[in-house]
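Below is one structure, written out as structure tokens; comments come after it.
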2 protein chains.
Amino acid sequence: MNLELAAIRALDRSDILAPLRDRFDLPPGVIYLDGNSLGALPRQTAARVADVVKSEWGSGLIRSWNTADWIGAPARVGAKIARIVGAMPHEVIVADSTSVNLFKLLMAGLADRPGRHVILSETGNFPTDLYVAQGVGQLMPGVEIRIVSRDTIEDAIDETVAVLMLTHVHYKSGARFDMPALTRAAHAKGALVLWDLSHSVGAVPLDLNGAKADLAIGCGYKYLNGGPGAPSFLFVAEPHQARLQSPLSGWMGHAKPFAFHEAYRPADGMQRFLCGTPPILALAALESGVDLFLEADMVAIVAKSQALCGLMIELVEERCSGLGLSLATPIDPDRRGSHVSFRHEHGYAIMQALIARGVIGDFRDPDILRFGLTPLYLRYEDIWNAVGCLRDILSEDAFRDPKYALRSVVT
Amino acid sequence: MNLELAAIRALDRSDILAPLRDRFDLPPGVIYLDGNSLGALPRQTAARVADVVKSEWGSGLIRSWNTADWIGAPARVGAKIARIVGAMPHEVIVADSTSVNLFKLLMAGLADRPGRHVILSETGNFPTDLYVAQGVGQLMPGVEIRIVSRDTIEDAIDETVAVLMLTHVHYKSGARFDMPALTRAAHAKGALVLWDLSHSVGAVPLDLNGAKADLAIGCGYKYLNGGPGAPSFLFVAEPHQARLQSPLSGWMGHAKPFAFHEAYRPADGMQRFLCGTPPILALAALESGVDLFLEADMVAIVAKSQALCGLMIELVEERCSGLGLSLATPIDPDRRGSHVSFRHEHGYAIMQALIARGVIGDFRDPDILRFGLTPLYLRYEDIWNAVGCLRDILSEDAFRDPKYALRSVVT
């Protein structure tokens with residue numbers, strides 16, 4: 001054990017979030033650096049889901065819509081997420097997937113800005129965001145999807161822009177936008193801003209109301225640890241709620257869903273952004289993840305996220321220098337999220353070699369090694385060990401083994 | 001015990017589906033006649049969901065997208081449902097909610113019939129179907145939602161109709177449409193037919209290919225016992241698949257979702273009707289319900305469904321005559337689904353009194369008592385006992401207790 005490791009262990013000993021690690025069910029022999037893709041399993045979630053299955057569904061049956069308040073779950077879980085994103089409880093609701101929610105809010109935003117025909121976004125934004133926008137463009141004659149490079153976004157906002165659609169933390173580089181500044185710039189030209197918080201929520205400071213944000217969507221299965229394919233959430237600032245309407249007008253968005261009237265009348269508030277029957281098992285898992293999250297102090301979470309990322313950048317610089325890695329993530333902690341990315345021409349094979357040794361990150365084309373550093377369940381020592389493993393693989397050329405070149409379906 | 005009950009018990013003794021009842025986790029003291037609203041819990045589902053949570057999510061983490069074939073789940077479960085609805089395995093996929101899937105197929109169907117501007121449906125169709133169609137109408141200038149009474153549908157199909165949207169089994173009355181005949185009538189005028197199978201699938205004979213059906217959607221949480229808010233399925237007949245495109249163009253519908261290309265290119269086949277990341281826990285519960293379903297013989301399921309409904313109609317006629325009930329469901333077993341409905345001016349209070357005594361059905365405005373009779377876990381004797389309870393409540397005026405007048409959120 002050298003001095004550096006001793007210092008790193010001291011960080012773990014003084015980490016006030018350290019006890020939370022035991023609240024997760026992590027497999028032995030694994031350093032999990034992919035919580036930005038799929039969060040780990042909170043221990044309490046297995047029991048919570050089992051209870052919903054056996055007691056609420058099995059014994060309560062249809063009665064649980066009332067007695068277990070299934071009907072209130074989308075708003076209840078939304079109100080909890082509101083605390084994490086800096087919104088009022090009645091400004092967030094849980095429903096559908098991020099892609100579907102993005103469609104709802106893009107369509108609602110366009111309708112709210114008549115005479116404007118542009119959805120403005122960033123080249124290299126997360127593909128599903130661009131795909132959904134393209135679908136909206138195909139649907140609505142005259143709507144243009146304008147994609148510009150990151151550094152020219154502010155200049156590209158003009159009076160034709162209805163909605164500026166941005167992902168707050170970039171899925172590859174981890175670069176984080178200045179939410180208040182861009183929101184101000186959009187408002188100055190009369191545009192709405194729609195923030196995709198998928199790679200932010202639960203890892204970076206968020207204050208939607210403070211930034212005067214209009215619209216947002218976010219993912220439940222990354223830093224919120226809501227389980228694979230967990231439902232998504234959406235935010236509409238209170239002043240916009242009465243004006244905006246979802247194009248997906250299903251019964252759960254009706255003012256009186258159980259009156260079974262023939263004419264659609266949207267509910268007041270966020271309820272109108274619901275569509276079909278909510279997936280109760282998935283909602284329960286998400287709520288359990290959010291509940292655990294809310295036990296921790298957000299300031300401590302953010303500080304540890306920044307410290308973990310800073311440590312990884314520093315250790316790679318020191319211990320992997322000359323081995324072909326280049327940092328793809330901003331150095332400034334206020335300009336990045338909670339994952340760190342490095343470029344390497346053999347990125348895919350290197351990641352496979354890491355995974356084979358129990359260090360799980362992921363790879364993004366063409367050359368990005370991505371490491372999600374989640375403050376709730378990672379130790380500083382995990383970063384030390386992961387970087388050591390990375391250094392070994394690079395210095396031993398272990399990644400050149402042909403078996404690491406085989407592509408899986410999901411990368 | 002009188003003779004009639006003896007005869008009914010003999011039916012149970014000779015019921016080849018009787019052993020399946022033990023495969024469900026039914027609460028004691030309850031006769032559950034609401035499986036058309038939320039199916040009961042298959043015993044194997046609790047273990048299956050627990051395994052997905054603990055082993056696939058907890059231990060496998062992100063790797064389970066490949067190793068547990070999460071990525072293949074929507075098509076895999078769809079192929080299983082295809083066997084129940086009379087479709088080819090590659091014609092069905094599981095995704096989103098019924099309302100969202102309805103939106104996709106209505107929009108795709110309209111785009112496929114240029115020059116036609118009408119969505120034709122039935123007065124009194126399930127509200128979410130009408131609501132979603134109204135949403136489509138608001139979105140697409142010139143599109144008209146034409147609603148006609150059940151007996152005039154065939155006459156109302158003309159060259160302006162793009163999509164005939166019908167619910168195969170009516171949610172209130174249980175009346176079942178003649179799918180081949182209506183599909184033929186629509187095709188004769190060049191219209192597509194979109195069948196909502198929510199109240200049919202798993203209870204009545206379905207042969208989508210035999211009927212030359214174009215499009216269909218259906219619910220996973222009723223007779224398929226997939227759990228509260230289970231994902232929905234959608235069907236597009238093979239000849240239409242290459243022409244039709246989903247307006248919800250999320251990444252899971254992309255030809256190469258993990259290539260992260262910027263331009264949307266729809267996948268071949270049903271994959272293009274996926275949108276966001278699928279909810280894996282909910283999919284696992286649905287698959288478990290479908291697996292159990294597939295163990296039984298569909299001919300026996302249909303025969304028992306018809307026999308249970310026939311028995312209930314007969315017993316109510318005999319034992320509740322003069323007590324104010326009138327049958328709202330067709331007598332002909334080939335013209336109805338697997339639920340039986342009766343009208344009564346005090347329907348709501350009567351249903352509350354029944355539920356208080358452990359007989360769980362549901363109520364639909366303004367006066368419908370609805371009883372879902374599910375062949376997999378109900379006994380003939382349950383019908384006898386339920387009707388006895390109904391008779392007692394009516395003849396004792398027990399439903400007049402003021403406590404039964406209080407409305408719950410979800411009816």
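Here is the naming used below: chain letters follow the sequence lines, and residue numbers restart at 1 for every chain. Note that the structure is a prediction, hence the values are computed from the model and not measured.
Only the side chain of B:Tyr32 comes within contact range of chain A, with at least one heavy atom under 4.5 Å from a heavy atom of that chain. Residue B:Val30 touches chain A through its side chain alone, counting heavy-atom pairs closer than 4.5 Å. Interface residue B:Val132: backbone and side-chain heavy atoms are both found under 4.5 Å from chain A. B:His254 touches chain A through its side chain: at least one heavy atom from C-beta onward sits under 4.5 Å away, while N, CA, C and O do not. For chain A, no part of B:Glu56 is nearby; none of its heavy atoms comes within less than 4.5 Å. Contacts between B:Pro278 and chain A at a heavy-atom distance below 4.5 Å involve the backbone alone (N, CA, C, O). Of the two parts of B:Ser64, neither the backbone nor the side chain holds a non-hydrogen atom closer than 4.5 Å to a non-hydrogen atom of chain A. Both the backbone and the side chain of B:Ile62 come within less than 4.5 Å of a heavy atom of chain A. With a 4.5 Å cut-off on non-hydrogen atoms, B:Leu139 touches chain A through its backbone and its side chain both.
B:Lys172 has no carboxylate O lying under 4.0 Å from a charged side-chain N of B:Asp367, or vice versa, which leaves the two without a salt bridge. A salt bridge is defined here as a Lys NZ or Arg NE, NH1 or NH2 lying under 4.0 Å from an Asp or Glu carboxylate O, and B:Glu122 with B:Arg146 fails to meet this definition. Salt-bridge check for B:Lys222 with B:Asp34: failed, with every basic side-chain N at 4.0 Å or more from each acidic carboxylate O.
Among A:Ala282, A:Gly72, A:Pro247, A:Gly35, the residue making the largest number of heavy-atom pairs under 4.5 Å with chain B is A:Pro247. When A:Ser99, A:Ala50, A:Ser97 are compared by the number of non-hydrogen pairs under 4.5 Å with chain B, A:Ser99 comes out ahead. Counting heavy-atom pairs under 4.5 Å between each of B:Pro27, B:Pro228, B:Gly135, B:Gly250 and chain A puts B:Pro228 at the top. If you tally non-hydrogen atom pairs under 4.5 Å between each of A:Asp129, A:Ile360, A:Leu41 and chain B, the highest count goes to A:Leu41. In terms of non-hydrogen atom pairs under 4.5 Å with chain B, the most contact-rich of A:Met140, A:Gln245, A:Gln134, A:Arg43 is A:Gln134. When each of A:Asp69, A:Leu61, A:Val52 is checked for heavy-atom pairs under 4.5 Å with chain B, A:Leu61 comes out on top. For the set B:Asp25, B:Val100, B:Leu102, the count of heavy-atom pairs under 4.5 angstrom toward chain A peaks at B:Val100. Among B:Ala263, B:Ala111, B:Pro141, B:Gly124, the residue making the largest number of heavy-atom pairs under 4.5 Å with chain A is B:Ala263. In terms of non-hydrogen atom pairs under 4.5 Å with chain A, the most contact-rich of B:Ser246, B:Gly60, B:Gly253, B:Ser249 is B:Ser249. Among A:Arg63, A:Gln138, A:Lys54, A:Met107, the residue with the largest count of heavy-atom pairs under 4.5 Å with chain B is A:Arg63.
When side chains are defined from C-beta on, B:Leu281 counts as touching B:Val53, because their heavy atoms get closer than 4.5 Å. Residues B:Arg370 and B:Tyr171 form a side-chain contact, since some pair of their non-hydrogen atoms from C-beta on lies under 4.5 Å apart.
Taking the ring centroids of A:Phe260 and B:Tyr131, they lie at or beyond the 6.0 Å cut-off. Aromatic ring centres of B:Trp251 and B:Phe258: separated by under 6.0 Å.
Listed for the B:Trp57 side chain is a donor-acceptor partner under 3.5 Å among the backbone atoms of A:Gly39. B:Asp362 contributes no side-chain N or O that, together with a main-chain N or O of B:Ser37, makes up a donor-acceptor pair within less than 3.5 Å.
What you find for B:Pro231 and B:Val94 is that their closest heavy atoms are CB-CG1, 3.6 Å. Contact between A:Ser149 and A:Thr123 at its shortest, heavy atoms only, is N-OG1, 3.4 Å.
B:Tyr348 carries B:Arg407 over the face of its six-membered ring, with the cationic atom under 6.0 Å from the centre and within 45° of the normal.
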